[in-house]
Amino acid sequence: MNTKDHLLKFGIKPSVQRMAVMEYLVENPVHPTADMIFNHLSPSIPTLSKTTVYNTLKLLEEQGAIQTISIDEKNVRYDADISLHAHFKCKKCGRIVDIHSGDLNPQTVPDNDKLKITGCQVYYKGYCEECQK
Ligand SMILES: [Zn+2]
Ligand SMILES: [Zn+2]
C-alpha cells in the first residue's frame, strides 16, 4: 500500500508533509523523536517547520496511524508499527528495539469485561547485544 492510501485509510488528508512524516516512520523503524524526524526531512522539504512535524505526529496518533512510546524519559518516541508489541531500551546506547514475542494480549487482563482496552505498553530495559561486548 502506498503512503497516500495508507493515510486515507486512517481518515487523514494526505498532504506532502504528512506523507513525508509517515513515510519516514515506516522506513525508519527506530522509534525516532520529533526532532529526528524534523532534522531528517527539513533539507528536502524547506517549508517544513517543527510545529508542522509536531502537529502531523499528533494527528497521525489521534487517527490511529502511529503510536507513541514513552520508554524514553526525555522524548516521546513515534512508531509506525501499531501492532501490539513490547519495546526494549538499551541503557548504554539508547537504542529502542521491538520485541514481538510474548503474551501481550489485553484479553488476558483480569476483570477486563468492564474495560474497553485499546492497547498496552510493555517496556524492557537492559543492554543490547552490541553493548554487552
Ligand atoms: Zn546498546
Ligand atoms: Zn515498536
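Keep in mind the model is a prediction, meaning the values are calculated, not measured. Count residues from 1 along the sequence. As the structure lists them, so they are numbered: ligands from 1, and atoms in each ligand from 1.
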Judged by atom type as modelled, is there a donor-acceptor pair below 3.5 Å linking the side chain of D98 to the main-chain atoms of H100? no

Donor-acceptor pair, N28 side chain versus V30 backbone, under 3.5 Å? no

So, Q132 side chain and Y127 main chain: donor-acceptor pair closer than 3.5 Å or not? yes

May I ask you to decide if the ring planes of H31 and H87 are parallel, tilted or perpendicular, using 30° and 60° as cut-offs? perpendicular

Expected output: side-chain R18 to main-chain K13 donor-acceptor under 3.5 Å: yes

A correct count of protein N/O/S atoms found below 2.8 Å of the Zn ion (ligand 1) gives 4

Using only atom types and a distance under 3.5 Å, with no angle test, would you say the side chain of S42 pairs donor to acceptor with the backbone of F38? yes

For Y78 and T68, run side chain to side chain contact (heavy atoms under 4.5 Å, CB included): C-alpha distance rounded to whole Å, both residues' side-chain angles, the deciding distance at 0.1 Å, then the answer. CA-CA 5 Å; Y78 297 91; T68 55; 3.5 Å; yes

Whether K89 and E73 form a salt bridge (side-chain N of Lys/Arg under 4.0 Å from carboxylate O of Asp/Glu) is what I want to check. yes

Check whether Q17 reaches the backbone of V53 with its side chain - one donor and one acceptor, N or O, closer than 3.5 Å. no

Under-2.8 Å protein N/O/S neighbours of the Zn ion (ligand 2), ordered by chain then residue number: H31 NE2, D79 OD2, H85 NE2, H87 NE2, D98 OD1

